[in-house]
Novice: 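Please read through the structure below; I'll follow up with questions.
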Amino acid sequence: MAALTAEICSCTSSGYSSTSAGGEVTGTSAAALKEPVPYGMVLVKRGSLTIGEEGNDSLWGSSLPIKEISVESFWMDEKEVSNAKYRQFVNWVRDSIIRTRLADPAYGGDESFMITEDKYGEPVTPHLDWTKPIPWKKADEDQQRAIESLYYTHPVTGERMLDVKQLNYRYELFDYTQAALRKNQLDPNDRTRNTDIEVDSRETVMISKDTAYVDEDGHIVRRTINRPLTSMFDFVNTYIVNIFPDTTCWVNDFPNANNETYMRLYFSHPNYNDYPVVGVSWEQANAFCAWRTNYLLAGLGAQAKYVQRYRLPTEAEWEFAARGRENNRYPWKASGSKDNDGCYYANFKPERGNYTKDGSLITTRVGSYKPNSNGLYDMAGNVAEWTSTTYTEAGILQMNDMNPELYYNAAVEDPYYMKKKAVRGGSWKDPEKFIESSWRTSEYQNEQRSYIGFRCVRTQVGTATTSKR
């Protein structure tokens with residue numbers, strides 16, 4: 001028999017390498033994936049802070065919850081989502097509907113006429129502006145009818161307008177957390193580690209999932225159903241959301257005010273392109289995050305599996321990011337709201353009825369004021385911002401001290417008070433107290449306000465460990 005010799009061999013498959021040195025286990029590895037900086041985002045590095053405010057609130061005399069927490073690194077939009085960015089979402093949904101109908105015989109379409117997507121998943125259709133006549137030059141009347149089905153003529157003014165009630169975005173989310181819980185395992189033997197408990201193979205596990213559909217009248221019907229667990233597909237939640245902002249919020253939020261101009265032009269006029277989008281509910285903000293994720297993944301190819309989803313920030317993440325690296329009371333270092341020259345650090349309501357003392361009447365262009373030490377703009381004022389967190393009076397006290405979150409996507413059947421979400425940052429209409437980083441307020445998840453917007457975050461994977469002395 002030939003003498004055995006120790007050899008070092010290495011093989012690589014799909015980027016992974018396995019090395020054996022004299023029979024020792026050395027591990028397998030893959031080339032590290034350096035995540036590129038997401039467009040328009042900055043990295044908020046992991047850290048800890050005491051969230052909340054010590055002492056009673058000086059305005060209302062209430063006690064704000066206080067807790068020391070730690071959060072993982074995450075990317076965050078450096079600016080609030082603007083009208084221009086949200087309008088890209090609206091246009092994508094509109095063009096997708098038209099693209100589908102051009103191939104749908106029910107709308108006079110032709111199945112052989114399919115408009116393709118570009119490499120980013122963007123529908124390649126004519127750019128349509130709902131404020132102008134449809135610039136479609138094809139002579140085919142059936143194709144024209146498919147496009148016209150998304151528009152209507154105002155019965156009084158005669159304007160040709162986009163039928164925004166049809167702009168519904170459907171998306172699905174797999175609930176990794178619920179699928180991972182031991183009580184929800186498909187194999188009964190995996191539901192407990194306690195060997196004193198006899199496994200009941202006939203046990204029925206009930207799960208709750210969200211589903212939605214559009215009825216014959218075009219109305220979105222959303223249901224939360226309870227059913228026996230049968231497969232991993234039971235953890236897929238389906239949502240359909242009408243995504244057009246409520247432009248009437250400008251007159252509904254302010255009775256007896258002449259805000260018609262904002263109602264008609266704030267979202268559609270190019271002069272407001274860089275202003276924060278408003279009139280967007282918590283549900284619509286989540287739909288935007290889902291679309292933004294799918295839009296990104298369509299252009300990434302194989303690397304898509306490594307990328308985390310865009311989402312709304314948790315309440316803890318938001319405050320951690322807003323306070324900056326110095327854990328400030330405001331996003332800036334100063335203890336007040338203006339510098340020695342009398343220039344304000346944010347867009348809010350400095351005095352009773354005097355909205356313009358800081359230079360703005362309503363919102364202002366995103367990024368008009370200096371960023372905080374994390375590189376984030378408008379973390380105080382301009383518009384308040386949705387978080388993913390369910391609002392309770394106890395707040396952070398109910399949550400874990402590591403990556404704290406309290407998430408509950410209320411069902412339609414739930415009492416309305418259970419549909420409150422935490423809103424942070426204060427807005428252009430709020431007094432100085434409300435723009436402090438610790439200030440908590442809430443709004444119902446289906447409400448659309450002229451003073452609430454949002455920004456997205458994305459968890460960073462594999463953050464390097466840093467030592468502190």
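For this chain, numbers begin at 1 and follow the sequence in order.
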Novice: Just by distance, with hydrogens left out, do Trp282 and Glu443 show a side-chain donor and acceptor under 3.5 Å apart?
Specialist: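 Absent: no donor and acceptor within the cut-off.
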
Novice: Taking atom types as modelled, find out whether Gln398 and Thr392 have a side-chain donor-acceptor pair closer than 3.5 angstrom.
Specialist: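 Result is yes, a qualifying pair exists.
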
Novice: Would you indicate whether the side-chain heavy atoms of Val214 and Ile240 approach each other to under 4.5 Å?
Specialist: yes

Novice: Please check if the side chain of Asp339 supplies one atom and the backbone of Asp341 the other of a donor-acceptor pair under 3.5 Å.
Specialist: yes

Novice: Once you measure the plane-to-plane angle for Tyr344 and Phe348, does it fall in the parallel (<30°), tilted (30-60°) or perpendicular (>60°) bin?
Specialist: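 Geometry flag for Phe348 against Tyr344: perpendicular rings.
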
Novice: Under 3.5 Å, side chain of Glu436 to main-chain N/O of Glu432, donor-acceptor pair present?
Specialist: no

Novice: Below 4.5 Å, heavy atoms only, C-beta onward: do Ile452 and Val278 meet side chain to side chain?
Specialist: no

Novice: Can a salt bridge be assigned to the pair Arg222 and Glu283 using a cut-off of 4.0 Å between side-chain N and carboxylate O?
Specialist: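 Answer for the salt bridge query: yes.
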
Novice: For the residue pair Ala316 and Ile51, what are the closest heavy atoms and their distance?
Specialist: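 Taking Ala316 first and Ile51 second, the nearest heavy atoms are CA-CD1, 3.7 Å.
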
Novice: Does the separation of the ring centres of Phe288 and Phe454 fall below 6.0 angstrom?
Specialist: yes

Novice: Any donor-acceptor pair under 3.5 Å linking the side chain of Asn374 with the backbone of Leu376?
Specialist: no

Novice: Hey, are the side chains of Met161 and Tyr151 touching, using non-hydrogen atoms and a 4.5 Å cut-off?
Specialist: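 Met161 does not reach Tyr151 side chain to side chain.
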
Novice: Restricting to non-hydrogen atoms, name the atom on Pro350 and the atom on Tyr355 that form the minimum distance, rounded to 0.1 Å.
Specialist: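 That closest heavy-atom pairing would be CD-O, 4.3 Å.
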
Novice: Only one of Arg292, Arg458, Arg311 passes salt bridge (Lys or Arg N to Asp or Glu O under 4.0 Å) with Asp77; say which it is.
Specialist: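 When salt bridge (Lys or Arg N to Asp or Glu O under 4.0 Å) is applied between Asp77 and each of Arg292, Arg458, Arg311, only Arg292 qualifies.
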
Novice: Show the nearest heavy-atom pair for residues Pro276 and Thr364, with the distance to one decimal.
Specialist: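 Closest pair (atom of Pro276, atom of Thr364, distance): CD-O, 3.2 Å.
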
Novice: Honestly, is Lys429 close enough over Tyr451, meaning NZ or CZ under 6.0 Å from the six-membered ring centre and within 45° of the axis?
Specialist: yes

Novice: Taking Asp378 for its side chain and Gly367 for its backbone only, find out whether a donor-acceptor pair lies under 3.5 Å.
Specialist: yes

Novice: For Tyr330 versus Ser335, what's the shortest heavy-atom pair and its separation?
Specialist: CE1-O, 3.2 Å

Novice: Centre-to-centre under 6.0 Å for Phe267 and Phe244, is that the case here?
Specialist: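 Centroid separation for Phe267 and Phe244: below 6.0 Å.
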
Novice: Would you call Glu315 and Arg440 a salt bridge, taking side-chain N to carboxylate O under 4.0 Å as the test?
Specialist: yes

Novice: Check whether any side-chain N or O of Arg325 sits under 3.5 Å from a backbone N or O of Ser373 as a donor-acceptor pair, and report yes or no.
Specialist: yes

Novice: Look at the side chain of Thr387 and the backbone N and O of Ala422, then say whether any donor-acceptor pair between them is shorter than 3.5 Å.
Specialist: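 At least one qualifying donor-acceptor pair exists.
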
Novice: When you measure from the side chain of Thr356 to the backbone N and O of Gly359, does any donor-acceptor pair fall under 3.5 Å?
Specialist: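 Not confirmed, Thr356 side chain does not pair with Gly359 backbone.
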
Novice: Parallel, tilted or perpendicular, judged at 30° and 60°: which one describes the rings of Tyr272 and Tyr266?
Specialist: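 It falls in the tilted class, 30° to 60°.
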
Novice: Quick one about Asn237 and Glu172 (side-chain donor to acceptor, distance below 3.5 Å, no hydrogens or angles considered), yes or no?
Specialist: no

Novice: Establish, from distance only, whether the side-chain atoms of Asp414 and Tyr408 form a donor-acceptor pair under 3.5 Å.
Specialist: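 Yes.
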
Novice: Looking at every non-hydrogen atom in both residues, tell me the closest pair between Gln284 and Ile243 and how far apart they are.
Specialist: NE2-C, 3.5 Å

Novice: Parallel under 30°, tilted from 30 to 60°, perpendicular over 60°: which one fits the rings of Tyr169 and Tyr171?
Specialist: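 Ring orientation of Tyr169 relative to Tyr171: parallel.
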
Novice: Have Asp210 and Thr224 got a donor and an acceptor in their side chains that come within less than 3.5 Å?
Specialist: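 Present: a donor and an acceptor within the cut-off.
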
Novice: Donor-acceptor pair, Asp175 side chain versus Phe235 backbone, under 3.5 Å?
Specialist: no

Novice: Taking atom types as modelled and ignoring hydrogens, do the side chains of Asn347 and Asn382 form a donor-acceptor contact shorter than 3.5 angstrom?
Specialist: yes

Novice: When you measure from the side chain of Asp246 to the backbone N and O of Gln448, does any donor-acceptor pair fall under 3.5 Å?
Specialist: no

Novice: Kindly say whether Ser70 contributes a backbone atom to a donor-acceptor pair with the side chain of Ser48 at under 3.5 angstrom?
Specialist: no

Novice: Would you say Asp190 and Arg182 make side-chain contact, with heavy atoms under 4.5 Å?
Specialist: no

Novice: Return the minimal non-hydrogen interatomic distance between Met206 and Asn226, and the atom names on each side.
Specialist: CE-C, 4.0 Å

Novice: Testing the 3.5 Å rule here: is there a donor-acceptor pair between the side chains of Glu405 and Ser388?
Specialist: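 Present: a donor and an acceptor within the cut-off.
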
Novice: Any donor-acceptor pair under 3.5 Å linking the side-chain atoms of Gln166 with those of Asp163?
Specialist: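 There is such a pair between these side chains.
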
Novice: We want to know whether Asn273 and Arg87 form a side-chain donor-acceptor pair, criterion being a heavy-atom distance below 3.5 angstrom.
Specialist: yes

